[in-house]
There are 2 protein chains.
Amino acid sequence: MFSKSCEYGLQAILYIALHARPDRKVGLKEIADNQDIPAHFLSKILQILVKYKLLVSVKGPNGGFALYRKAEDITLLEVVSAIDGLDIFERCGIGLKHCDDAHPCPIHNKFKFLRESIRNTLMKETLADLIFAVEEGKTYVTLKHLISE
Amino acid sequence: MFSKSCEYGLQAILYIALHARPDRKVGLKEIADNQDIPAHFLSKILQILVKYKLLVSVKGPNGGFALYRKAEDITLLEVVSAIDGLDIFERCGIGLKHCDDAHPCPIHNKFKFLRESIRNTLMKETLADLIFAVEEGKTYVTLKHLISE
DNA sequence: ATACAGCATGTTTTCAAAATCCTGCGAATA
DNA sequence: TATTCGCAGGATTTTGAAAACATGCTGTAT
Ligand code: FES
Ligand code: FES
């Protein structure tokens, strides 16, 4: 569905939303270790999110990453479109050159509906919604502690 | 969404469903030419569909491919699962090791619903449904003739 | 029986995503 | 202002899907 880069990016921004405080940035290595993501690779992905104004980064001692805006104001769609672009929402399901209402492929109508459903879901979900459930212990962004039990 | 192999496979089996007759198999090259698919690559994909009993192949003069069963009895889900497997319907949306109801990631519930929608759609659509619309001129499996207009 | 059309199969090449390597730069702090 | 921490970002390597290539094989037509 999403590229590996995008999956890593989603994990990372959720981790940051969970663990960053006004006085505490989250370090690259901390995220990489806890989420099992190659550190140097993650670095590039977070750079993208900084460029798209979803994260801020601070260099030097006690540096790290934090959300650029409030968690309530960041949707998953923004993260996905920054990393993977909007191509998945425009691409023909059976790979025809152009996805076009005027010349629909056999699955166009059904497929278009499904793509829209995904897009709407991503657009409605904010980081705040998601980390709320994590803080309640209902969902998880890392399975590390579960394995060590 | 689907791999390129899978997209090619869907295009090809639709083409076959449209153009095969009891006395006329459809040649590999004919499909490759009309759908703009690398011939040797398509060959491998169709081999998979033959192995999964979705197509039959006949060698020699006037040979080619035809549906193994009636178009009414072949669903898109069978084609997709033969080529890409069922991984997309089981994989975690943000890339966690295991997608599990007992330890859901933050988007698990929403995402699971979307995956199910896709699976149900693919399961309900038969080749017969789809080629019917094509024969009526409402949808298209190739854009070749549209370009040459 | 023989020729040949057309699929079957293994190998090689290409290309982009994924992962790694390495150096530079800015901020904190002493 | 010197040192060091930690992100920035270009360059490179690795990996695997996609594509191309080459050859074998098999059933049909004559
Ligand atoms: S034309 Fe195929 S999905 Fe729109
Ligand atoms: S655990 Fe992430 S989608 Fe199920």
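All heavy atoms count here, side chains included; hydrogens, waters and symmetry mates do not. Order of the sequence lines fixes the chain letters, A, B, ..., with proteins taken first and strands second; residue numbering starts at 1 for each chain.
- Between the side chains of B:H108 and B:D100, no donor-acceptor pair is found at a separation under 3.5 Å.
- Across all strands shown, A:K29 has no heavy atoms under 4.0 Å from either base or sugar-phosphate atoms.
- Of the residues in residues 45-64 of chain B, those with a non-hydrogen atom less than 4.0 angstrom from any atom of DNA chain C are B:Q47, B:S57, B:V58, B:K59, B:G60, B:P61, B:N62, B:G63, B:G64.
- When the C1' atom of C:dA8 is taken as reference, atom CG of B:L42 falls 13 Å away, rounded to whole Å.
- OP1 or OP2 of D:dA18 has at least one side-chain nitrogen or oxygen of B:S5 nearer than 4.0 Å.
- Contact annotation: side chain of B:K25 to base of C:dG6, donor-acceptor pair absent below 3.5 Å.
- Distance, B:D36 CG to D:dA18 C1': 16 Å, rounded to whole Å.
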| said: Quick one, A:Q11 with A:I37, criterion side-chain contact (heavy atoms from CB on, under 4.5 Å). Give me CA distance, side-chain angles, the key distance, then yes/no. | reply: CA-CA 9 Å; A:Q11 286 183 40; A:I37 301 173; 4.1 Å; yes

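- Ring planes of B:H103 and A:Y140: perpendicular class, angle over 60° (limits at 30 and 60°).
- Taking the six-membered ring for Trp and thresholds of 30 and 60 degrees, A:F111 and B:F2 have ring planes inclined between 30 and 60 degrees apart.
- Remark: P of C:dA5 and CD of B:E30 are 17 Å apart, rounded to the nearest angstrom.
- B:K44 places its NZ atom 11 Å from the P atom of C:dT11, with the value rounded to the nearest Å.
- Using a 4.0 Å cut-off between charged nitrogen and carboxylate oxygen, A:K124 and A:D129 do not count as a salt-bridge pair.
- Among the nucleotides C:dA18, D:dA19, D:dA8, the one closest to the side chain of B:K4 is D:dA19.
- Rounded to a whole Å, the NE2 atom of B:H40 is 8 Å from the C1' atom of D:dA22.
- Atom CD1 of A:I83 and atom P of C:dA18 are 11 Å apart (whole Å).
- Looking at B:R119 and B:E116, a side-chain N of the basic residue comes within less than 4.0 Å of a carboxylate O on the acidic one, giving a salt bridge.
- In this structure, A:Y8 does not reach the C:dA18 phosphate: none of its side-chain N or O atoms is under 4.0 Å from OP1 or OP2.
- Look at CZ on B:F41: it is 18 Å from P on C:dT12, rounded to the nearest Å.
- Spacing between atom CG of B:L28 and atom P of D:dC21 amounts to 15 Å, rounded to whole angstrom units.
- Residues A:D73 and A:T126 are not in side-chain contact: their nearest non-hydrogen atoms beyond the backbone lie 4.5 Å or more apart.
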